[in-house]
Amino acid sequence: MNKTLRLILGDQLNSNHSWFSKTEDSVTYVMMEIRTETDYVQHHVQKVVGIFAAMRSFAAELKSNGHQLIYLQLNDENNFQSIEKNIQNLIETHHFTHFEYQLPDEFRVDETLKALCRSISITSTAVDSEHFYTTRNELGDFFQGKKMFLMENFYRAMRKKNGVLMEGDQPLTGQWNYDSDNRKKLPKDHKPTKPLVFDNNVSNILEEINKTNIKTIGTIDAKNFVWPINRAQSLELLDFFATNCLPLFGSYQDAMMPNEWSLYHSRISFSMNIKLISPKEVIDRVIEEWKRRPDEIEFHQLEGFVRQIIGWREYMRGIYWNKMPDYAALNFFNNQADLPSWYWSGKTKMNCLKDAINQSLNYGYAHHIQRLMITGNFALLAGVHPDAIDAWYLGIYLDAFEWVEITNTRGMSQFADGGIVGTKPYVSSASYIDKMSHYCGSCFYKKNIKTGDKACPFNSLYWNFYDKNESKLASNPRIGMMYNVWRKMKNEDKTALLEQADYYLNNINEL
Ligand code: FAD
Ligand code: SF4
């Protein structure tokens with residue numbers, strides 16, 4: 001008799017997958033909580049707990065829909081703690097005749113599964129995960145023969161291909177991109193919408209994790225776990241975003257405010273990345289909301305959001321599959337420094353970093369500009385090795401999976417790919433941070449001072465970065481202007497800035 005074993009990974013919780021359209025006696029599903037996944041990097045405790053909680057809820061749903069399922073919990077005796085060992089064991093003990101899996105998003109897991117299929121004695125098939133707008137190789141095909149992989153070109157093609165906000169083959173409003181409308185600072189006394197949080201009780205999972213020696217980072221309130229752990233909660237969060245946050249999303253997309261961790265962001269990345277909901281559902285829902293309230297939701301708010309999902313998210317995935325595995329070793333600036341110790345504790349006098357890191361430790365979340373222009377910016381200015389930066393980002397955020405983490409971290413944030421994802425490094429002095437946030441006013445350091453005790457570290461490190469990397473950057477047309485300013489500076493000012501930067505770099509853990 002034919003017996004098929006189908007593997008569902010922890011980030012493949014897509015109940016709309018065609019696998020589940022009917023129940024079959026010959027098919028058994030398997031899900032597993034394994035140490036190879038909990039330990040490949042040091043994860044945030046909320047990330048491990050959140051994924052296990054969502055997996056368990058998904059398993060219960062499949063079972064109640066009549067599917068046969070084997071679920072291996074973390075501390076089960078017959079859990080051999082790796083995909084390969086568990087699958088081999090199940091094939092032997094249950095006499096399966098065929099093995100199937102959905103294409104994983106991560107290169108590491110893809111390699112594992114390909115090797116596994118070569119080693120087992122039964123036939124195997126890989127099927128699509130039916131989640132993304134694009135296939136793995138679509139971006140590679142789109143840019144074939146091109147030197148530059150411009151996101152904007154890809155984004156426009158995605159809009160056209162999927163008929164999103166289009167009128168025939170033209171953008172609905174005559175303009176593709178409204179980014180220039182989306183860079184506002186929040187007014188000082190502005191009270192952002194209170195975020196929707198959940199109060200899931202995940203104490204039992206936390207207890208099980210605590211029984212092992214899995215090393216995690218960050219804090220958790222296990223009785224009131226704030227993240228969505230099933231499809232219904234994910235849809236509720238999406239609904240909350242569309243109703244309450246979309247009207248101001250674009251305007252304040254790049255804004256930062258102390259102690260405000262969510263602002264007008266959707267916080268939907270965790271749900272989407274583990275596939276509780278699909279990008280198409282998200283896009284359809286926000287467009288529906290905009291159509292319903294055209295007088296309240298300006299087009300640029302909507303377009304800014306749509307671009308993140310149909311543009312950036314798919315683009316990053318395409319770059320990943322086009323450039324891996326070499327991408328993971330790129331280090332354009334040959335940076336070698338360690339990550340400052342306070343990235344793990346939040347204990348720094350720099351207000352912007354303190355806020356972004358503490359929020360990350362407390363929620364496993366920071367929004368895009370905090371990741372890019374606060375923690376990422378500083379790490380690049382400090383010359384930290386991209387491996388250390390990747391490990392931090394991959395561990396600390398609930399939504400961090402390598403396909404979308406590494407392209408953002410090593411690519412967009414660190415320019416370690418030499419310009420595949422971005423056209424120039426995202427670095428700034430205090431002036432950009434002050435322009436977009438309310439951090440500087442109450443900081444120990446002074447945003448306008450460049451040298452001396454109270455000088456904001458971003459200021460001298462910024463010029464030090466350009467000075468140190470001149471041979472690699474001076475010919476970049478988007479940066480030439482900065483080098484003109486640097487070259488025109490008096491020699492004694494330059495020396496003072498470089499000495500200040502040197503002092504900060506030598507005492508980085510004290511900042
Ligand atoms: P919103 O601001 O509400 O945006 C909506 C959605 O757009 C997000 O949920 C996300 O799916 C998508 N999106 C927006 N920007 C990007 C982007 N640059 N790349 C891919 N998708 C995007 N995103 C992850 O999902 N996982 C990561 O591990 C991750 N690591 C990052 C590391 C760095 C250094 C940087 C700069 C960005 C990273 N991002 C990552 C992208 C982005 O910061 C997050 O997707 C976003 O902050 C998630 O919060 P949100 O759902 O509230 O997003
Ligand atoms: Fe950050 Fe400098 Fe502003 Fe302090 S002064 S909050 S360190 S940018």
Side-chain angles (χ1 to χ4, degrees), residues 47 105 151 195 237-238 241 245-246 249-250 252-254 256 258 261-274 277 279 282-283 286 304-317 319-320 348-356 360 364-380 386 389-390 392-414 421-422 426 428-449 454-462 504 511:
K47 183 177 176 190
D105 292 334
M151 202 298 279
L237 186 61
L238 173 60
F241 169 75
C245 303
L246 182 63
F249 173 82
Y252 298 129
Q253 186 177 351
D254 289 359
M256 294 171 281
W261 66 286
S262 177
L263 298 173
Y264 294 96
H265 293 274
S266 66
R267 290 179 292 112
I268 209 74
S269 50
F270 174 60
S271 293
M272 253 197 299
N273 293 354
I274 61 172
I277 50 174
V282 176
I283 293 289
V286 292
F305 187 78
V306 165
R307 181 162 18 96
Q308 305 310 316
I309 303 216
I310 208 172
W312 281 110
R313 189 168 185 268
E314 298 286 330
Y315 172 81
M316 289 306 197
R317 175 168 181 265
I319 296 276
Y320 182 77
T348 165
K349 298 190 284 299
M350 290 183 277
N351 214 19
C352 51
L353 280 150
K354 184 166 59 187
D355 192 70
S360 305
Y365 176 85
H367 65 73
H368 187 68
I369 292 299
Q370 290 176 306
R371 297 185 204 198
L372 184 66
M373 296 311 294
I374 305 294
T375 44
N377 183 4
F378 190 87
L380 179 52
I389 308 175
D390 267 331
W392 187 80
Y393 279 99
L394 193 53
I396 202 160
Y397 294 119
L398 257 82
D399 60 24
F401 297 89
E402 193 189 64
W403 64 272
V404 58
E405 175 280 321
I406 201 169
T407 37
N408 271 294
T409 303
R410 208 168 273 254
M412 182 187 267
S413 158
Q414 298 302 301
V421 165
Y426 280 97
S428 84
S429 63
S431 74
Y432 171 85
I433 295 172
D434 188 48
K435 193 171 120 206
M436 295 313 301
S437 80
H438 295 283
Y439 288 135
C440 297
S442 49
C443 184
F444 169 87
Y445 295 102
K446 299 293 157 227
K447 64 177 183 193
N448 294 324
I449 303 184
K454 291 283 180 112
C456 168
F458 279 91
N459 294 336
S460 52
L461 292 178
Y462 176 73
Y504 280 150
L511 290 181

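What's counted below: heavy atoms across the whole structure, side chains too, no hydrogens, waters or symmetry copies. Counting starts at 1 for both ligands and their atoms, in listed order.
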To which protein heavy atom is [atom] closest, and what is the distance rounded to 0.1 Å?
atom	value
atom 53 (O) of ligand 1	Ser266 OG, 4.0 Å
atom 16 (C) of ligand 1	Trp312 CB, 3.9 Å
atom 48 (C) of ligand 1	Ser269 OG, 3.2 Å
atom 29 (C) of ligand 1	Arg371 NH1, 3.3 Å
atom 5 (C) of ligand 1	Phe305 CE1, 3.4 Å

Spatial distance of atom [atom1] ([X]) from atom [atom2] ([Y]) [nearest 0.5 Å]:
X	Y	atom1	atom2	value
Gln370	Met436	CD	CE	12.0 Å
Leu380	Thr375	CG	OG1	11.5 Å
Lys435	Met373	NZ	CE	9.5 Å
Asp390	Glu405	CG	CD	4.5 Å
Lys447	Asn351	NZ	CG	12.5 Å
Cys443	Asp355	SG	CG	11.0 Å

Atoms in ligand 1 with a heavy atom of [X] nearer than 4.0 Å:
X	result
Asn273	24 (C), 25 (O), 26 (N)
Met272	9 (O), 11 (O)
Leu372	36 (C)
Ile309	6 (C), 7 (O)
Ser413	34 (C)
Ala400	27 (C), 28 (O)

>> Is any side-chain heavy atom of Trp312 closer than 4.5 Å to one of Asn408?
In response: no

>> Do Phe249 and Ser266 make a side-chain contact, defined as non-hydrogen atoms from C-beta onward lying under 4.5 Å apart?
In response: no

Heavy-atom distances under 4.0 Å are what count here, so tell me which part of [X] touches ligand 1: side chain, backbone, both or neither.
X	result
Phe241	neither
Tyr365	side chain
Phe249	side chain
Ala366	backbone
Thr375	neither

Among [options], which residue places a heavy atom closest to [atom]?
atom	options	value
atom 18 (N) of ligand 1	Val404, Asn408, Leu398, Ile396	Asn408
atom 12 (C) of ligand 1	Met316, Gln308, Gln370	Gln308
atom 26 (N) of ligand 1	Ile369, Asp399, Thr409, Ile268	Asp399
atom 43 (O) of ligand 1	Gln414, His265, His368, Arg410	His368

> How many protein atoms of type N/O/S are positioned less than 2.8 Å from atom 4 (Fe) of ligand 2?
Replying inline: 1

Which pair of non-hydrogen atoms, one from [X] and one from [Y], has the smallest distance, and what is that distance?
X	Y	answer
Asp399	Val404	O-CG1, 4.1 Å
Ser428	Tyr462	C-CD1, 3.5 Å
Asn448	Asn459	C-ND2, 4.4 Å

> Do the numbers put Lys354 on top of the ring of Tyr439, so that NZ or CZ is under 6.0 Å from the six-membered ring centre and no more than 45° off the axis?
Replying inline: no

> Are Tyr432 and Phe458 an aromatic pair by the rule of ring centers under 6.0 Å?
Replying inline: no

> Do we see a donor-acceptor contact under 3.5 Å between the side chains of Ser413 and Arg371?
Replying inline: no

>> Considering both backbone and side-chain atoms of Arg267, is one of its nitrogen or oxygen atoms within less than 3.5 Å of a nitrogen or oxygen in ligand 1?
In response: yes

>> Checking Tyr320 now: which residues fulfil ring-ring contact (aromatic ring centres under 6.0 Å, His included) with it, not counting sequence neighbours?
In response: none

> Mind checking whether Tyr393 has a heavy atom under 4.0 Å from ligand 1?
Replying inline: yes

> Angle class for the Tyr393/Tyr397 ring planes (parallel below 30°, perpendicular above 60°, tilted otherwise)?
Replying inline: tilted

> Any idea how Tyr264 and Tyr252 line up, ring-wise: parallel (<30°), tilted (30 to 60°), or perpendicular (>60°)?
Replying inline: tilted

